[in-house]
Novice: 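The structure is given below, and queries will be raised subsequently.
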Protein chains: 2
Amino acid sequence: MSIAFDLSQATTATALRSDVIGDIMAQMGLRMSFARDEEIYAQEEDADLVYRVIEGAVRTTRLMSDGRRQVGDFYFEGDMFGLEPGETHKFSAEALSDCTVLVLKKSALMSLAQSDHRIERMIWAATSRELERAHEHVLLLGRKTACEKVASLLVSIAERTGGDKTELPMGRQDMADYLGLTIETVSRMLSQLQSSAIIAFNGVRNFRITNRAALARLAE
Amino acid sequence: MSIAFDLSQATTATALRSDVIGDIMAQMGLRMSFARDEEIYAQEEDADLVYRVIEGAVRTTRLMSDGRRQVGDFYFEGDMFGLEPGETHKFSAEALSDCTVLVLKKSALMSLAQSDHRIERMIWAATSRELERAHEHVLLLGRKTACEKVASLLVSIAERTGGDKTELPMGRQDMADYLGLTIETVSRMLSQLQSSAIIAFNGVRNFRITNRAALARLAE
DNA sequence: CGTTTCATTGAGTGCGATCAAGCCGTGTGG
DNA sequence: CCACACGGCTTGATCGCACTCAATGAAACG
């Protein structure tokens with residue numbers, strides 16, 4: 001893990017998605033870099049920092065005592081994460097790829113919030129967005145089939161990262177643990193979608209949607 | 001649905017769980033009653049009201065176009081619900097049993113929040129608690145077995161409602177749709193837990209935990 | 001070029017779903 | 001007070017989707 005004060009690049013960082021919290025984090029936050037699979041914070045660790053992805057991608061995961069793993073969510077450029085309510089994190093966060101994040105003490109943000117209402121409002125908005133995504137995740141895990149789960153994930157990532165071709169920042173195991181499936185099932189569904197001419201892969205981590213309507217229908 | 005201004009019973013209502021939002025809702029909110037299975041708000045409806053359970057219990061549900069149903073959560077006395085971020089509700093809310101709730105316009109609460117920081121803080125705290133529960137729900141749906149799911153739900157309800165004997169306010173279908181299972185599987189797991197002497201039923205909706213350690217172990 | 005890691009594919013299994021009776025508490029009318 | 005019907009729950013038999021185990025393939029790395 002490497003740390004550097006973020007001054008020179010504050011403007012380029014916030015240019016990604018301009019908002020109040022972004023500005024404040026860029027001004028007051030610390031810029032940190034993590035290597036692929038490096039832990040950003042641990043399950044059970046005190047949750048006194050908030051984060052924002054500047055470059056790369058992040059996953060949050062929760063481990064059960066017997067090793068079963070659940071991925072909570074994936075975060076891309078501009079996304080805030082680490083906004084967990086309790087004293088300690090229930091999920092850990094890890095770098096999906098080599099990545100850079102801005103970090104700010106939650107307490108610092110909160111004390112600022114006392115003088116600036118917009119900040120409080122934006123923290124709440126970010127938490128709300130998290131909740132909305134969690135609800136979507138609940139529906140996916142509870143009632144969708146393996147094929148629908150995979151289709152939903154692909155649509156979601158394609159939407160969030162934009163562009164014609166989509167790069168998957170995570171491996172099959174991460175996809176499986178997000179979807180409540182095994183890597184074998186994920187792999188089979190991807191092959192199936194490909195042979196149905198709905199998506200086309202170019203290497204294991206790069207795909208293109210060739211039949212957007214069909215994929216959207218599967219994702220519901 | 002029946003409506004009455006809540007003045008006389010404001011004190012008894014807030015006595016259930018004393019906090020700022022509770023006080024405000026009791027003072028400014030409308031008291032409404034709903035019959036079992038009556039809709040409190042609909043999926044796709046504008047989300048401009050927040051609610052608080054005074055008596056009875058509530059479920060939130062989401063319906064897929066083909067009829068598959070997912071229960072988002074159950075709410076008991078003192079719980080706030082309806083705190084969805086977006087413009088419209090993604091889940092609908094229905095009365096599990098005949099129940100009474102306090103209702104307040106979100107916009108009214110927000111304008112109050114401008115003069116009182118505690119209110120903004122508490123709305124955020126309530127949203128955070130929702131998020132925490134959603135995360136727990138994700139783990140349950142993604143990685144727990146049928147038996148563990150049922151055990152987790154029983155523990156959760158027993159914890160939230162307290163007391164030696166626990167009354168289930170919902171039927172088997174609601175449990176199944178919360179757990180991502182079918183009623184048959186829920187029923188089988190309950191029978192199994194009972195024959196393992198971990199719980200004891202007295203009628204279909206009333207049970208007692210006879211081996212708390214074993215149940216907790218299953219629920220993880 | 002060999003080694004390692006990750007993804008795909010195949011064969012067989014099992015958990016939870018589906019289909020189908022049967023049971024039981026509750027309400028209703030004779 | 002009983003006969004009956006109805007809805008919700010339980011139990012049994014069977015099915016099928018996703019898991020497990022195993023082998024192969026393909027890309028990354030030293």
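Chain A is the first sequence line, chain B the second, and so forth, proteins listed ahead of strands; every chain is numbered from 1.
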Novice: Between protein and nucleotides 18-23 of chain D, map the contacts as a letter string: B base, S sugar-phosphate only, - none, heavy atoms under 4.0 Å, written 5' to 3'.
Specialist: SSBB--
Novice: Kindly write out the residues that satisfy side-chain contact (heavy atoms from CB on, under 4.5 Å) with B/Thr145, not counting sequence neighbours, or none if the list is empty.
Specialist: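 With neighbours one apart ignored, the set is A/Arg68, B/Cys147, B/Glu148.
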Novice: Indicate whether any N or O donor in one side chain lies under 3.5 Å from an N or O acceptor in the other, for A/Ser65 and B/Glu220.
Specialist: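 Side-chain D/A pair, A/Ser65 to B/Glu220: present.
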Novice: Please determine which of B/Arg160, B/Arg133, B/Arg52 meets the salt bridge (Lys or Arg N to Asp or Glu O under 4.0 Å) test together with B/Asp79.
Specialist: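 Answer to the salt bridge (Lys or Arg N to Asp or Glu O under 4.0 Å) test with B/Asp79 among B/Arg160, B/Arg133, B/Arg52: B/Arg160.
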Novice: Once you round it to whole Å, what is the distance between C1' of D/dT10 and CE of B/Met175?
Specialist: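 Nearest whole value for this atom pair: 14 Å.
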Novice: Salt bridge or not for A/Arg69 and A/Asp174, using N-O below 4.0 Å?
Specialist: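 Looking at A/Asp174 together with A/Arg69, the answer is yes, because their closest N to O distance falls below 4.0 Å.
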Novice: Could you tell me how far apart B/Phe201 (CZ) and D/dG8 (C1') are, to the nearest whole angstrom?
Specialist: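 Roughly 14 Å, once rounded to whole Å.
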Novice: Please list, in 5' to 3' order, the outermost nucleotides of DNA chain C lying under 4.0 Å from any heavy atom of chain B.
Specialist: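 Both ends considered, the range comes out as C/dG16 to C/dC19.
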Novice: If the threshold is 4.0 Å, N to carboxylate O, is there a salt bridge linking A/Asp177 and A/Arg59?
Specialist: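 Salt bridge: no.
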Novice: Rounded to the nearest angstrom, tell me the gap between atom CZ in B/Arg172 and atom C1' in D/dT10.
Specialist: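 Going from CZ in B/Arg172 over to C1' in D/dT10 covers 9 Å.
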Novice: Expressed in angstrom and rounded to an integer, what is the separation of B/Leu190 atom CG from D/dG8 atom C1'?
Specialist: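 Taking CG of B/Leu190 and C1' of D/dG8, I get 14 Å after rounding.
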Novice: Is any side-chain heavy atom of A/Asn202 less than 4.5 Å from a side-chain heavy atom of A/Arg208?
Specialist: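 In short, these two side chains do not touch, never coming nearer than 4.5 Å.
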Novice: Starting from P on D/dC9, measure out to CD on B/Gln194 and report it in whole angstrom.
Specialist: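 Those two atoms, CD and P, are 15 Å apart.
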Novice: Are B/Tyr75 and B/Tyr51 near enough that their ring centres are under 6.0 Å apart?
Specialist: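 That pair fails the under 6.0 Å test.
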Novice: Mapping B/Ser187 and A/Gly203 to their closest nucleotides on DNA chain D, which lands nearer the 5' end?
Specialist: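 Its nearest nucleotide being more 5', the pick is B/Ser187.
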Novice: Is it true that A/Glu84 and A/Lys90 have a side-chain N and a carboxylate O under 4.0 angstrom from each other?
Specialist: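 No salt bridge links A/Glu84 with A/Lys90.
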